[in-house]
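Residues take their numbers from the sequence shown, with the count starting at 1. Just so we're clear, the structure is a prediction, and the values are computed from it rather than from any experiment.
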Amino acid sequence: MTHPEYILTLSCPDQRGIVHRVSGFLADHSCNIIDSAQFGDAQSKLFFMRVHFALEDTVLGDTAMRAKFAEVAAKMSMNWQLHDAHRKPRMLLMVSKIGHCLNDLLFRYKSGLLHVEIPAIVSNHTDFYQLSASYNIPFHHLPLAAGASPEAKRTQEDRILEIIRSNEIDLVVLARYMQILSPGLCQALTGKAINIHHSFLPSFKGAKPYYQAHERGVKLIGATAHFVTGDLDEGPIIEQDVERVDHAMDPDTLTSIGRDVECVVLARAVKWFVEHRILLNGHKTVVFK
């Protein structure tokens with residue numbers, strides 16, 4: 001018999017007895033812990049925990065378990081979420097005219113390497129319409145002309161929000177979507193939108209980062225996956241990686257290497273999000289790998 005499985009994530013003021021309270025609750029309600037990780041941050045004075053467990057008591061239902069744990073959580077001022085481990089989060093991909101991250105995520109999805117559903121792809125260009133069709137994923141072309149008026153941008157973003165709502169999207173991934181989101185849209189997507197930045201933040205922001213890096217003679221290039229906020233490229237960082245380069249490489253070679261790094265970094269961030277491994281800690285993240 002296959003038992004229901006859940007992932008509990010929580011943060012709260014650090015104090016004695018948190019692990020005991022949580023593990024005791026699960027044991028008392030016929031739950032078997034499959035995996036558990038925790039971290040106490042001495043700076044923020046917060047405690048973070050992720051527990052993957054199986055519910056072996058067929059009498060205790062989902063609603064009753066949540067209600068009972070809410071009583072424990074309230075006593076310790078917990079900010080918590082309980083996720084069905086078997087449910088596939090629903091992910092919206094957004095892209096412009098550079099498609100390596102989109103193509104990589106779609107391949108991982110189709111290969112079963114990402115535990116997600118992808119009900120829609122949004123783009124301000126038509127370049128990847130056929131790629132989307134090859135995966136049987138609806139493609140939404142929402143053009144936005146250069147220098148578009150605030151009204152036009154608002155109309156386009158309203159349509160994006162409509163797609164998010166109608167498809168019950170859990171995660172929005174900016175897979176090289178080269179439009180700056182408005183503060184309102186960033187606010188609406190707080191904690192559930194991930195961007196890949198083609199540099200090792202905070203260095204080399206803006207256009208052609210690999211050309212900037214080449215001009216400075218860098219020896220390392222990298223990529224950064226972070227949550228989207230109203231402060232451009234300043235959201236909490238989820239994952240970063242680098243590759244060593246040298247003086248013999250031209251900007252195009254750096255770009256090629258950099259794009260490979262971007263794909264890997266973004267895929268890791270998405271995987272950790274859908275596995276509920278990322279918890280926000282102010283302007284930082286805790287990632288239970």
Side-chain angles (χ1 to χ4, degrees), residues 37 39 41 48 50 89 91-116 118 171-178 189 191-229 231-289:
F39 169 68
D41 186 355
F48 301 85
R50 176 187 184 273
M91 180 170 74
L92 171 69
L93 295 174
M94 297 179 65
V95 65
S96 290
K97 294 177 71 70
I98 302 174
H100 56 284
C101 287
L102 173 69
N103 191 54
D104 181 76
L105 289 174
L106 288 175
F107 174 79
R108 292 172 189 268
Y109 152 73
K110 193 66 173 181
S111 302
L113 299 175
L114 286 177
H115 187 69
V116 295
I118 305 178
L171 172 65
V172 175
V173 177
L174 307 186
R176 297 302 302 272
Y177 180 70
M178 306 306 290
L189 298 178
K192 63 175 186 178
I194 294 175
N195 183 42
I196 183 66
H197 188 79
H198 40 234
S199 74
F200 193 61
L201 287 176
S203 300
F204 308 120
K205 298 180 182 180
K208 295 190 173 181
Y210 298 114
Y211 283 76
Q212 297 178 46
H214 182 262
E215 287 293 325
R216 294 293 300 274
V218 301
K219 306 306 178 189
L220 290 171
I221 59 174
T224 301
H226 63 91
F227 281 114
V228 174
T229 66
D231 295 322
L232 183 62
D233 296 330
E234 298 290 342
I237 292 171
I238 301 169
E239 173 64 339
Q240 295 179 295
D241 206 349
V242 294
E243 283 288 340
R244 185 162 290 280
V245 295
D246 62 41
H247 63 278
M249 298 177 180
D250 61 21
D252 289 339
T253 302
L254 264 61
T255 300
S256 178
I257 294 171
R259 287 181 175 178
D260 287 342
V261 180
E262 291 168 30
C263 289
V264 171
V265 169
L266 182 57
R268 287 177 189 156
V270 170
K271 184 175 187 293
W272 294 336
F273 183 96
V274 301
E275 292 178 354
H276 312 292
R277 297 184 180 275
I278 308 169
L279 286 77
L280 284 170
N281 182 17
H283 296 296
K284 302 185 292 184
T285 61
V286 172
V287 183
F288 291 120
K289 300 178 183 179

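- A pairwise comparison of heavy atoms in Arg50 and Glu275 identifies NH2-O, 2.8 Å as the closest pair.
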>> If you apply the rule side-chain contact (heavy atoms from CB on, under 4.5 Å), what do you find for Leu189 with Val228, and how did you get there?
In response: CA-CA 8 Å; Leu189 298 178; Val228 174; 5.9 Å; no
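- Here the CD1 atom belonging to Ile257 is positioned 4.0 Å from the CE atom belonging to Met249, to the nearest 0.5 angstrom.
- Ile238 pairs in a side-chain contact (heavy atoms from CB on, under 4.5 Å) with only one of the listed residues (Ile278, Leu266, Val265), which is Ile278.
- For the atom pair Asp104 CG and Leu113 CG, the distance stands at 9.5 Å (nearest 0.5 Å).
- For the atom pair Thr285 OG1 and Leu280 CG, the distance stands at 7.5 Å (nearest 0.5 Å).
- Nearest approach of Met91 to Val270, heavy atoms of both residues: SD-CG1, 3.6 Å.
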>> Evaluate Asp250 against Thr253 for side chain to side chain donor-acceptor pair (under 3.5 Å), listing each step before the verdict.
In response: CA-CA 5 Å; Asp250 61 21; Thr253 302; 2.8 Å; yes
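- Here the CG-NZ distance, from Leu171 to Lys192, works out to 9.5 Å after rounding to the nearest 0.5 Å.
- Between Phe48 and Phe39, the ring planes lie parallel to each other; the angle is under 30°, not in the 30° to 60° tilted range.
- Heavy atoms from other residues, nucleotides or ligands lying under 6.0 Å from NE2 of His283 number 12 at most.
- Lys284 and Asp41 get closest at one heavy-atom pair: NZ-OD2, 4.2 Å.
- Pairing each heavy atom of Arg268 with each of Glu239, the nearest pair is NH1-OE2, 2.8 Å.
- Considering only heavy atoms from C-beta on, Leu106 comes within 4.5 Å of Leu93 through its side chain.
- Taken from CD in Glu262 to CD1 in Ile98, the straight-line distance is 8.0 Å, to the nearest 0.5 Å.
- Ala267 and Leu114 make their closest contact through O-CD2, 4.2 Å (heavy atoms, listed as atom of the first residue, atom of the second, distance).
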>> Run His197 and His226 through side-chain contact (heavy atoms from CB on, under 4.5 Å) and show every step you take.
In response: CA-CA 8 Å; His197 188 79; His226 63 91; 4.3 Å; yes
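- A donor-acceptor pair is defined here as one N or O able to donate and one able to accept, closer than 3.5 Å; no such pair exists between the side chain of Arg176 and the backbone of Cys101.
- Note that CG of Leu174 and CE of Met94 are 6.0 Å apart. Values are rounded to the nearest 0.5 Å.
- A pairwise comparison of heavy atoms in Ile196 and Ala225 identifies CD1-N, 4.1 Å as the closest pair.
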